[in-house]
Amino acid sequence: MRDHTKEKAMAGPRPVVMSGPSGAGKSTLLKKLLKEFDGVFGFSVSHTTRSPRPGEEDGKDYHYVTREVMQADVAKGEFLENAEFSGNMYGTSKAAVQAVQAQNLICILDIDMQGVKNIKRTDLNPIYVSIQPPSMQTLEKRLRDRKTESEESLQKRLHAAKVDMEISKEPGLFDVLIINDDLDLAYGKLKDALLEEIQKVRDTNNS
Ligand SMILES: Nc1ncnc2c1ncn2[C@@H]1O[C@H](COP(=O)(O)OP(=O)(O)OP(=O)(O)O)[C@@H](O)[C@H]1O
Ligand SMILES: Nc1nc2c(ncn2[C@@H]2O[C@H](COP(=O)(O)O)[C@@H](O)[C@H]2O)c(=O)[nH]1
């Protein structure tokens, strides 16, 4: 069977992969992009086996599924990539990416480092952006202040963050590396990095 994910990826604007430690500010930054550039970006809604946080919506923030369902869907080949993170499964379904690309929008994926490595083996051809915290101390404070994690989950995320911060220094792994210290400055850098792709979508929409 032909892989339509690959065909679509080549036809439309380049997707954007945003990665970086949990708590670095990926969701905060991408939500600003989605708000400012309505009709330009679309979010790839991942699947996860973790429970929804207060305020999160099924089908908008994630598709919340059981481990059994997710494992079965992975086995059926429905995922572009998937990973185990902090005791839960996460994954990008082919359908999630196709749903965004079918609208000719820039597809944003918010994924961990394992996801980055796995996406590199596909034909998605995204722009790879790493969002990093200014320091481990700041990261820990942000995660604690967010009040979403148990102490156990927080420790797992901080451990993964140390690994992530080391690996992200690998030359060529990311196209853009942004230190999210001052939010407005970080957001400005993110917009600058994506300006060319944003313009392409606007040109297509206006033609
Ligand atoms: N530049 C910043 N200065 C201060 N606080 C920030 C900044 N950026 C994000 N935050 C706050 O830090 C917390 C973590 O941010 P966010 O949830 O966006 O991180 P994330 O990288 O998406 O995390 P996860 O991978 O766990 O989803 C949030 O409470 C957010 O409001
Ligand atoms: N490999 C993937 N990683 C993903 C995906 N969706 C989210 N994530 C990453 O998981 C952690 C934790 O997220 P949280 O919402 O529980 O805080 C974070 O680093 C995300 O980037 C995915 O589909 N694939």
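Scope of the values below: all heavy atoms of this structure, side chains included, with no hydrogens, waters or symmetry mates. In each ligand, atom 1 is the first atom listed, and ligand 1 is the first ligand listed. Because the structure is a prediction, the values reported are computed rather than measured.
Near Arg157, with a cut-off below 4.0 Å to any heavy atom, the atoms of ligand 1 are 26 (O). The ligand atoms of ligand 2 that sit less than 4.0 angstrom from a heavy atom of Gly91 are 22 (C), 23 (O), 24 (N). With ligand atoms numbered from 1 in the order given, ligand 2 contributes 14 (P), 15 (O), 16 (O) to contacts under 4.0 Å with heavy atoms of Arg50. Applying the 4.0 Å criterion to heavy atoms of Arg53 picks out, from ligand 2, the atoms 14 (P), 15 (O), 16 (O), 17 (O). Less than 4.0 angstrom separates some heavy atom of Phe85 from each of these atoms of ligand 2: 11 (C), 12 (C). For ligand 1, the atoms sitting less than 4.0 Å from at least one non-hydrogen atom of Asp181 are 1 (N), 2 (C), 3 (N), numbered in the order shown with element in parentheses. Residue Asp110 has at least one heavy-atom neighbour below 4.0 Å for each of these atoms of ligand 2: 4 (C), 5 (C), 6 (N), 7 (C), 8 (N), 20 (C), 21 (O). Ligand-side atoms of ligand 2 in range of Gly115: 1 (N), range being under 4.0 angstrom from any heavy atom. The atoms of ligand 1 that sit less than 4.0 Å from any heavy atom of Pro21 are 21 (O). Below 4.0 Å from some heavy atom of Ala83 lie the following atoms of ligand 2, by number and element: 1 (N). Taking every non-hydrogen atom of Arg157 and a distance limit under 4.0 Å, the qualifying atoms of ligand 2 come out as 12 (C), 14 (P), 16 (O), 17 (O).
Contacts of Lys26 with ligand 2, taken as heavy-atom pairs under 4.0 Å, involve the side chain alone.
Distance CG/Asn180 to CG/Leu29: 5.0 Å, rounded to 0.5 Å. Taken to the nearest 0.5 Å, the CD atom of Glu151 stands 12.5 Å off from the NZ atom of Lys156. Expressed to the nearest 0.5 Å, how far CZ of Phe37 lies from NZ of Lys32 amounts to 11.0 Å.
Salt bridge status for Arg14 with Glu196: absent, with no side-chain N to carboxylate O gap under 4.0 Å. Between Asp73 and Lys76 there is a salt bridge, since at least one side-chain N of the basic residue sits less than 4.0 Å from a carboxylate O of the acidic one.
In the displayed structure, Lys31 atom NZ is contacted under 6.0 Å by at most 12 heavy atoms of other residues, nucleotides or ligands. When the shell of 6.0 Å around CG of Asp145 is examined, it contains more than 12 heavy atoms from other residues, nucleotides or ligands. A 6.0 Å sphere centred on CD of Gln71 holds more than 12 heavy atoms belonging to other residues, nucleotides or ligands.
Ligand 1 has a nitrogen or oxygen under 3.5 angstrom from a nitrogen or oxygen of Ser27. Between Ala24 and ligand 1, an N or O atom pair is found at a separation short of 3.5 Å. Considering backbone and side-chain atoms alike, Asp110 places every N or O at 3.5 Å or more from each N or O of ligand 1.
Note on ligand 1: Asn180 sits in its first shell, one or more heavy atoms being nearer than 4.0 Å. Proximity of Lys31 to ligand 1 is not established, as no heavy-atom distance is less than 4.0 Å. Judged by the shortest distance from any of its heavy atoms, Leu29 lies outside the 4.0 Å radius around the atoms of ligand 1.
Looking from atom 23 (O) of ligand 2 to the surrounding protein, the closest heavy atom is Ser46 OG, 2.6 Å. For atom 3 (N) of ligand 2, the nearest non-hydrogen atom of the protein is Asp112 N, 3.1 Å. Of all protein heavy atoms, the one closest to atom 16 (P) of ligand 1 is Thr28 OG1, 3.5 Å. Atom 25 (O) of ligand 1 has Lys26 NZ, 2.7 Å as its closest protein atom, hydrogens excluded (heavy atom only). Looking only at heavy atoms of the protein, atom 23 (O) of ligand 1 is closest to Gly23 N, 2.9 Å. The closest protein non-hydrogen atom to atom 13 (O) of ligand 2 is Tyr62 OH, 3.3 Å. If you check which protein heavy atom lies closest to atom 26 (O) of ligand 1, you get Ser22 OG, 2.6 Å. Among protein heavy atoms, atom 10 (N) of ligand 1 sits closest to Arg142 CD, 4.0 Å. In terms of protein heavy atoms, atom 28 (C) of ligand 1 is closest to Arg146 CD, 4.0 Å.
Of the N and O atoms on the side chains of Asn118 and Arg121, at least one donor lies less than 3.5 Å from an acceptor on the other residue. In summary, the side chains of Ser135 and Thr138 do present a donor paired with an acceptor at a separation below 3.5 Å, with no hydrogens or angles considered. With hydrogens and angles left out, the side-chain atoms of Ser130 and Gln132 include a donor and acceptor closer than 3.5 Å. For the residue pair Glu78 / Ser93, no side-chain donor-acceptor distance below 3.5 Å is found, with atom types taken as modelled.
Proximity annotation for atom 19 (O) of ligand 1: of Ala161, Pro134, Gly25, Gly25 comes nearest, heavy atoms only. With atom 2 (C) of ligand 2 as the reference point, the heavy atom nearest to it among Glu81, Glu149, Lys117, Met113 is part of Glu81.
The one candidate from Ile119, Val116, Leu124 that meets the side-chain contact (heavy atoms from CB on, under 4.5 Å) condition with Glu81 is Ile119.
Between His63 and His47, the ring-plane angle classifies as tilted under the 30° and 60° cut-offs.
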